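Here's the structure we're looking at; comments come further down.
Worth saying up front: this structure is predicted, and the values here are computed from it rather than measured. As a basis for the values below, the full set of heavy atoms in this structure was taken, side chains included, without hydrogen atoms, waters or symmetry mates.
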Amino acid sequence: MRSLLFVPGDSERKMEKALASGADVLILDLEDSVAPSRKEEARRLTRDFLRARNPAGGPGLYVRINALDTGLAEADLAAIMPGRPAGIMLPKSESGEDVARLAVKLRVSEAENDIRDGATAILPIITETARAVLAAATYRGATSRLSGLTWGAEDLSADLGARLTRGADSRYTEVFRLARSLTLLAANAAGVAAIDTVFPDFRNEEAFRADCLEAERDGFTGRMAIHPAQVPIINETFTPAPEAVAQSQRIVAAFAGSDETGVIAIDGQMIDRPHVRRAERILARARLAGMI
């Protein structure tokens, strides 16, 4: 799950076009990109798209429903669950309690639609309010449905009253760096994928690539996109380099035959257990990308 492309759920044309984007996941959006007057039409089009494309091959299909406190989430789920989405993106999640509540609703919906219990994953956006940021540590153990955690800067800026999310140097200001870091830490504590947020200036490919490289360096394993042009950059930057995969294979193989010693030498460097864990994670990402 390297690239996750948002697609308005009220546009059949854009959903069909997104299938050729190369994204690992399409996020069919019923929330911010759909006007209130178009919600019902978006539910119908999204359900029909899901039914037509599942269980065919191609990208995973998630649906971003409306937030639990809007009174729209139940209607969203009732409309789209017959289409058997791979997962639900939950916006404005305030804590692990919110994903646990959604998990209960999904269990009921799965039973009603003859879907295997637990088949529908949950990917929450966990930083869209100040309260949510402070509850980042509550997702560990909240539900086995978690496929990852991600964050958002724009809604948080509105909640805080911040005029900008980035400074003159184009880097996030301190509070947004904190939200990003807490998401990364919370995802790793929960044992799920850490997904970086969108980059609104989709025409600035150079800045976007640099931002993706920084995110991958820090430990994020994927990123959301708002435009198909961003997908190839995400897939490239979040796919492990062949050299890193080969080195990771050597490290794992060396420790497998090391008689449980804590440290071994490879190419003149001392390698210990943390290096093995990092190598195992690189290999896991390589498997998902079809490299091994």
Side-chain angles (χ1 to χ4, degrees), residues 1-66 72 75-77 79-91 120-125 147-148 150-155 193 195-209 211-212 215-216 220-239 288-290:
M1 195 161 63
R2 300 162 301 177
S3 50
L4 300 88
L5 175 63
F6 279 105
V7 191
D10 63 345
S11 174
E12 185 178 10
R13 179 185 65 82
K14 289 181 179 179
M15 287 191 286
E16 290 289 345
K17 186 177 180 180
L19 289 169
S21 67
D24 294 334
V25 172
L26 302 184
I27 304 173
L28 312 177
D29 191 21
L30 301 180
E31 195 210 14
D32 285 348
S33 66
V34 178
S37 62
R38 294 277 296 168
K39 296 290 186 185
E40 192 58 41
E41 178 70 356
R43 291 175 185 133
R44 182 186 66 79
L45 290 173
T46 297
R47 180 189 63 238
D48 292 348
F49 183 79
L50 289 167
R51 280 176 164 166
R53 292 298 168 183
N54 283 333
L61 302 179
Y62 277 52
V63 177
R64 179 164 72 169
I65 62 172
N66 289 276
L72 300 173
D76 291 342
L77 292 174
I80 59 95
M81 285 302 291
R84 299 171 178 255
I88 301 296
M89 171 170 277
L90 178 63
T120 315
I122 298 175
L123 176 60
I125 307 176
S147 61
T150 190
W151 74 290
E154 300 306 320
D155 282 279
I195 307 298
D196 203 4
T197 192
V198 299
F199 190 88
D201 187 7
F202 64 87
R203 291 186 176 85
N204 192 341
E205 293 189 1
E206 182 179 353
F208 181 56
R209 182 182 298 276
D211 215 55
C212 287
E216 192 277 337
F220 284 94
T221 57
R223 185 154 202 174
M224 298 185 293
I226 60 169
H227 192 278
Q230 295 179 318
V231 171
I233 296 173
I234 294 174
N235 286 345
E236 177 190 340
T237 54
F238 287 94
T239 298
L288 289 174

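Between K14 atom NZ and S21 atom OG the span is 14.0 Å, to the nearest 0.5 Å. Annotation: the span from R223 atom CZ to E216 atom CD amounts to 12.0 Å, rounded to 0.5 Å. Note that the OG atom of S3 and the CD1 atom of I233 stand 11.5 Å from one another [nearest 0.5 Å]. In this structure, CD1 in I65 is found 11.0 Å from CG in D29, a value given to the nearest 0.5 Å. Atom OG1 of residue T120 and atom OH of residue Y62 lie 9.5 Å apart, to the nearest 0.5 angstrom. Atom CG of residue L30 and atom CD1 of residue I88 lie 8.5 Å apart, to the nearest 0.5 angstrom.
In terms of heavy atoms, P82 sits closest to A79 at CD-O, 3.5 Å. Taking both residues in full, the closest heavy atoms of M15 and G9 are given as CE-O, 3.6 Å, listed atom of the first, atom of the second, then distance. Here the shortest heavy-atom pairing between P85 and V63 reads CB-CG2, 4.1 Å. The shortest heavy-atom contact between N235 and G22 is ND2-O, 3.0 Å. Of all heavy-atom pairs between I125 and G152, the closest is CG2-N, 3.7 Å. Between G222 and F238, the shortest heavy-atom distance links the atoms N-CD2, 3.5 Å.
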Show me, pair by pair, the donor-acceptor contacts under 3.5 angstrom made by side chains of residues 195-202, not counting sequence neighbours?
residue : atom : partner : partner atom : Å
D196    : OD1  : W151    : NE1          : 2.8
T197    : OG1  : W151    : O            : 2.9

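Taking 4.5 Å as the limit, every side-chain heavy atom of H227 sits out of range of all side-chain heavy atoms of F208. Within the 4.5 Å cutoff, side-chain heavy atoms of L4 are placed close to those of L123. Under the 4.5 Å side-chain criterion, counting only non-hydrogen atoms from C-beta, F49 is in contact with L61. Counting only heavy atoms from C-beta outward, the side chains of L50 and L28 approach each other to under 4.5 Å. T150 is listed as a side-chain neighbour of M89, based on a closest heavy-atom distance under 4.5 Å.
Heavy-atom neighbours of E41 CD from other residues, nucleotides or ligands within 6.0 Å: above the threshold of 12.
When the options L5, V25, L19, V231 are evaluated for a side chain to side chain contact (heavy atoms under 4.5 Å, CB included) with P59, the one that passes is L19. For the salt bridge (Lys or Arg N to Asp or Glu O under 4.0 Å) criterion with D76, the lone passing option out of R44, R43, R64 is R43.
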Candidate pair E236 and R2, rule salt bridge (Lys or Arg N to Asp or Glu O under 4.0 Å), full reasoning: CA-CA 9 Å; E236 177 190 340; R2 300 162 301 177; over 6 Å; no

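A distance-only check finds a donor-acceptor pair linking the side chain of K39 to the backbone of E31 [under 3.5 Å].
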